[in-house]
Amino acid sequence: MATAALGAGAADALGEDRRDHGWLFIGAILTGSFLLFLIQPMVARMALPRLGGAPAVWNSAMLVYQALLLGGYGYAHLLSRFTPRTQSAVQLLLLALAGLMLPITLSGGTPGPDVSPVLWVPWLLLSSIGPLFLAVAAQAPLLQRWYGAATGGRDPYPLYAASNLGSFAGLLAYPFLVEPRLALTGQSQFWSLGYVLLTVLTLGCALVLPRAGVDRHDAGFDPSPAPGWRQRGLWVVLAFVPSGLILSTTTFLTTDIVAMPLLWVAPLGLYLLSFTFAFAERRGAAALIVRAAPVLMLPLVALAVQPVAGRPLPTALAALALLFIVAVALHARLYDARPSPRHLTGFYLAMALGGALGGAFAALVAPLAFDWSYEHPLLLLAAAALVPLWRLPGAAGRMIVLAGPVLIALIVAAALARIGPFGAAQGMTLAALLIGVIAIACAGRRAVFVVAVLGILLVSGGADALSLSNQPGARMRSYFGIYTVRDRGGVRVLAHGTTAHGLQRLAGPERLRPTSYYGPDAGIGRVLTALPGIAGPRARVGVVGLGAGTLACYARPGQQWRFFEIDPLMVRVARTRFSFLSGCAPGAGIVIGDARLSLARARPGSFDLLALDAFSSDAVPMHLLTGEAFALYRRVLAPNGLLLVHITNRHLRLEPVIAQAALAGGWSARLLDHRVRPGTPVARLENSSIWVALSPDPAVIDAAAPRSPGGWRALRPMPGFAGWSDDYGSILPLIRTGQRQ
């Protein structure tokens, strides 16, 4: 562009030393971006004990960060109206004032039981890190403008690639380097040192500015017209789709695996890395990904939206790869549509607005508007309508374009009808492949490509999702997750995400017999059956996690039962779709809210038995398994009380966590790994489970969980594993190399 040529000539006229300051700006941008995205998982980790670990909490936190980023870019855009020297003075003042909040800690207070997390999460994060985040967020666009002034007009846009590389490094460093090695207090101190370094580097950049004279990207040197509303709208839309996909992908990952920053980081890290590719000065890698995007999207869409039960890793990898490819393709198109550097801050402001709107759509609108994660396929369809396409040349391409829509319609109809010699699963796979081949050849036709993606979404599970949504009461969604209730062969099944959380016979004399993970031979079943002989006929029982209410059918006359459930929707499901509660313990109390916060308000010695059965899909929230949490459990238990912890998990070995907590807290503990043999009659109604029984009194453990061959056994600690606390926690040592069978 003309301004680039002007900038190069001006840089030559200003002298070679002018160009040598580039390292200073790159260092400041990398440092600021590193800190910006290191603070995100760190503060989310700090908030776990107060907010819980539901996937929607992470999405709400991400939405707050996007709003703060928008605010930082808006501040930078307003500041760009002044000279670079004035900008630097104001920014240094803001950095100094925000630095008074160091070291980072959460603001005081805890949410009340009736306060919605939709409101509480943003307030807690804004009051804790708002000014700091705002000051650091403004660094990237401001320093790019200053770079143009300090180098006589060089193109500043490639610095945005460096900015996002620093952000990616910050996110990657947290789960693999920072969190496993530093407690939260140490993490906060480390971040504070980085903030001081950032301020010093910013001061260095500011000291260079007076030597640059004027900003070669101001109106006097760059006569390019301001972008129109149509172009600004395109920037917003191109930023909207990848931002929404971060959260829709995150919802899947954190629901199916574990509600932890480690997996919350992965989609955001790939999203940031996509900017590094898309805004790089050398365009080879980005051009290759953009060229391959339409081809790769088709099979990845088929893999990423298939049901994940039994094979979560390939599906998760496909979902992450799809997010990265779409983000690179759309961000590369965004880079190609960038304005001249004179309008740089307005460009980034539009990008931040699109990002915030995408986050709001996925985190706020979708849970209210949809009963399933329909935002994910909708965003994929939007991506199909926006990614750059290429066209098969020649007569062959024209013939396929004409035949493509007809063939796609036939294949989709056949797949949905489940006809043909291949069977349902094979038929869907074959249909998806055939649709992909046709659509790739027709990729130059936008309508055909979008229809192809729609067809793949339908045959890969979308049609089943729509069918289930049309069944009254079959699926429900709340801030905390997506629940399905299905009747299969005389059995009603409750699932959260991909994990069954309860099942009940629909008829017969054993309709109220405990099932699933709670059968008579499971650890919890054995202890509750023996409880009257251990704690007497008037035992006080607390259960964290309601599910279908199955455990209520262990209640005996004279006992007092109280359930703790975070999601009001789950209470409605247990009361209206299942009869365990109404049939076995209609008088049981139910406390709504995060269990740890609710138990903190309970009187000491309130329970003779407390059962911990809180899951988000297959994930146990970390804040319920820290040393501080076990100290709370001990306070609310009677001196000879029992704590039962459910640690069945496909992905993590949680036994070392409980073993370390028991050792540190002086608990006596035993574990029962109950295996249900596949193919046996009981396997239809019961699941394998791992329960741990703990008590401050060894005699109570001997009575409730006696050792026996193949039965209760001692816990096995992991050498070198320190356990989890509110100040420290890492899941890396606990990840299973193979799934539990």
Side-chain angles (χ1 to χ4, degrees), residues 51-57 111-120 255 259 367-368 371-372 472-487 492-497 499-504 506 511-512 514-518 524 528 540-555 559-602 606-607 609-617 619-621 623-624 636 644 646:
L51 302 178
V57 172
D114 300 326
V115 177
S116 170
V118 176
L119 302 175
W120 179 256
T255 296
L368 296 175
D371 66 357
W372 185 62
R475 183 156 53 206
M476 295 137 286
R477 184 173 183 176
S478 73
Y479 182 81
F480 298 97
I482 299 171
Y483 309 101
T484 57
V485 179
R486 301 195 191 199
D487 296 341
R492 178 163 292 171
V493 180
L494 168 67
H496 181 193
T499 302
H501 278 220
L503 51 90
Q504 182 179 21
L506 294 175
R511 185 172 56 88
L512 298 179
T515 56
S516 187
Y517 306 99
Y518 319 104
I524 186 68
L528 284 173
R540 299 160 301 168
V541 179
V543 179
V544 175
L546 176 61
T550 312
L551 286 176
C553 285
Y554 284 106
Q559 293 180 346
Q560 301 175 39
W561 279 63
R562 193 187 316 171
F563 289 90
F564 297 86
E565 174 56 50
I566 195 171
D567 192 351
L569 178 58
M570 183 56 63
V571 177
R572 179 160 61 88
V573 170
R575 283 176 168 166
T576 61
R577 304 305 306 279
F578 295 85
S579 58
F580 292 120
L581 270 178
S582 60
C584 298
I590 299 178
V591 180
I592 303 296
D594 182 83
R596 182 165 166 180
L597 300 177
S598 299
L599 287 171
R601 293 186 286 267
S606 295
F607 301 100
L609 183 145
L610 181 64
L612 184 62
D613 183 43
F615 284 82
S616 174
S617 187
V620 180
H623 73 299
L624 297 181
V636 300
L644 273 293
H646 189 191

Task: Heavy-atom closest pair, residues P568 and I566 - done: CD-O, 3.5 Å
Task: Residues in side chain to side chain donor-acceptor pair (under 3.5 Å) contact with R562, at least two apart in sequence or another chain - done: none
- [ ] Output yes when a side-chain donor or acceptor of R511 lies under 3.5 Å from a complementary backbone atom of S579, and no otherwise.
- [x] no
- [ ] Step by step, work out the side-chain contact (heavy atoms from CB on, under 4.5 Å) result for Y518 and D613.
- [x] CA-CA 10 Å; Y518 319 104; D613 183 43; 2.6 Å; yes
Open item on the list: Show, in sequence, the C-alpha distance, side-chain angles and deciding distance for V543 and Y554, and conclude whether the side-chain contact (heavy atoms from CB on, under 4.5 Å) test is met.
Closed with: CA-CA 12 Å; V543 179; Y554 284 106; over 6 Å; no
Open item on the list: Looking at every heavy atom in both P367 and R477, which two are closest together, and how far apart are they?
Closed with: CA-NE, 3.6 Å
Task: Rounded distance [0.5 Å steps], CG in D371 versus OG in S478 - done: 12.0 Å
TODO: Report yes or no: does E565 contribute a side-chain atom to a donor-acceptor pair with the main-chain N or O of V571 at less than 3.5 Å?
DONE: no
- [ ] Scan residues 540-551 for pairs that pass side-chain hydrogen bond (donor to acceptor under 3.5 Å, both in side chains), counting only residues two or more places apart or in two chains.
- [x] R540-D608
TODO: Search all heavy atoms of A548 against all heavy atoms of L494 and return the closest pair with its distance.
DONE: N-CD2, 3.7 Å
TODO: Could you pull out the closest heavy-atom pair between G545 and F563, with the gap in Å?
DONE: O-CD2, 4.4 Å
TODO: Could you check V541 against L551 for side-chain contact (heavy atoms from CB on, under 4.5 Å), going step by step and ending with a plain yes or no?
DONE: CA-CA 10 Å; V541 179; L551 286 176; over 6 Å; no
Task: Minimum-distance pair of heavy atoms, taken over all atoms of D567 and Y483 - done: OD2-OH, 2.5 Å
Task: Residue pair G473 / V485: nearest heavy atoms and the distance that separates them - done: O-CB, 4.2 Å
Task: Interatomic distance, F564 atom CZ to I592 atom CD1 [nearest 0.5 angstrom] - done: 11.0 Å
- [ ] Walk me through it: do T515 and F580 pass the test side-chain contact (heavy atoms from CB on, under 4.5 Å)?
- [x] CA-CA 11 Å; T515 56; F580 292 120; 4.3 Å; yes
Task: Heavy-atom side-chain contact between V573 and M476 under 4.5 Å - done: yes
